[in-house]
Amino acid sequence: MVLVQNYITPCQAYLPNASSSQVDVMHQLGWFRSGHNRRAPGCVIRSENVTETSTSSCQDRLGRRQFLAVGPTITPLLLMTSQIPTSCKIAAENKKGFLPVTDKKDGYSFLYPFGWQLFLYSFSTLTQEVVVEGEDKVFKDIIEPLESASVNLVPSSKEDIRDFGSPQQVAETLIKKFLASPSQKTKLIEASERIIDGKTYYSFEFVAQAPNYTRHALTVVCIGNGKFYTLTTGANERRWGKMKDRLHTVVDSFQIFNV
C-alpha cells in the first residue's frame, strides 16, 4: 500500500555519503531542513498564559535555554498575538506549562511544552544543506534535542485518513517509509482512532532503535484542506517516563480546521 508518495526519506535523497550512524542522529534531531524559508510561517504563539513548571531542575534548564536561544546559530521566529482559536485557547488555559500555536494558512493548531523553541533556519552538515519536502515546523528542546515536535504537510486527494487503511496499517507504513531511517529497528506499540468535529485522527506510539540511542515517539495524522497532516513528537527512551505525559498532551491537542 502506497500511503504518501511525496514523503522523501532524508538518508536516501540528501546524504548519500553519510554513514548510517550520522544519518540516524540527524534524522532524530530533526535537522533535515534547510535553505531560506519558503514562506513566512503562519505560526501564532501566545505567551500570556505561560506557567513554568515548579521543579528546580526544570528552572535551571529553562535558564540555559534562554541563554542559548539568543546565540547566533539559533534564531527562533515567534509571532506574538492573542488571536488563537477558541478550542486551543481553552486547552492552553487548562494545561500549565504549555504554549498554543496555530497556523492560519495551513489550518492546524496544537500545544507544545514551554521552553521548546521554534526552529526555522538553514542548517549545513557534512558540507551539504538538506531539507525534507513537506516539513512545515519543528519545535524542540535546546538541551534535549531528541525532545521535539514536527509538523509535516503533503498534498492529498483523499478526504479521510481511513481511505488509507486501519490505524495499524497507516502507522506501520509511515514508520517504515518516513518516520524512521532504514537502519533503525522499529516497533509499533499501539495505534488508535478518534473523531473530533467530524474529522478522523489516527494516533500511534512506536520506538526507533539506533546503535547509540532509542527514541520513543508519538504520531498523529489526519486529512483535511487537501493535505495529509503528520505531527510527530518524542524523546530519548531514557527520558520517556518523565516526558510521556507532556508528549501525549502534544498529540492529543493537535487539531486541524478549514481554511
Who pairs with [X] by side-chain hydrogen bond (donor to acceptor under 3.5 Å, both in side chains), at least two apart in sequence or on another chain?
{"X": "Glu190", "value": "none"}
{"X": "Glu237", "value": "His216"}
{"X": "Arg162", "value": "Asp160, Thr200"}

What I'd like to find out is whether the side chain of Val221 reaches to under 4.5 Å of the side chain of Phe228, using heavy atoms alone. yes
Heavy-atom side-chain proximity of Tyr112 to Val101 below 4.5 angstrom: yes
Could you list all the side-chain hydrogen bond (donor to acceptor under 3.5 Å, both in side chains) pairs where at least one residue sits in residues 219-228, not counting sequence neighbours? Thr219-Thr232, Asn225-Tyr229
Partners of [X] by side-chain contact (heavy atoms from CB on, under 4.5 Å), sequence neighbours excluded?
{"X": "Ser166", "value": "Gln168, Gln169"}
{"X": "Arg238", "value": "Glu144, Asn236"}
{"X": "Lys158", "value": "Ser156, Asp163, Phe164, Ile223"}

If you compare all heavy atoms of Asp197 against all heavy atoms of Gln255, which two are closest, and at what distance to 0.1 Å? OD2-OE1, 4.0 Å
For Lys105 against Asp103, the heavy-atom pair lying closest together: N-OD1, 3.0 Å
Find the distance between CZ (Phe257) and CG (Asp106) and round it off to the nearest 0.5 Å. 9.0 Å
Would you give the length of the straight line joining atom CZ of Phe206 to atom CG of Leu179, rounded to the nearest 0.5 angstrom? 4.5 Å
Under 30°, 30 to 60°, or over 60°: which ring-plane class applies to Phe110 and Tyr108, parallel, tilted or perpendicular? parallel
Is there a donor-acceptor contact under 3.5 Å from the side chain of Thr214 to the main chain of Ala210? no
Decide whether Trp240 and Met243 are clustered together by the hydrophobic rule: side chain heavy atoms of Ile, Leu, Val, Met, Phe, Trp, Tyr closer than 4.5 Å, transitively. yes
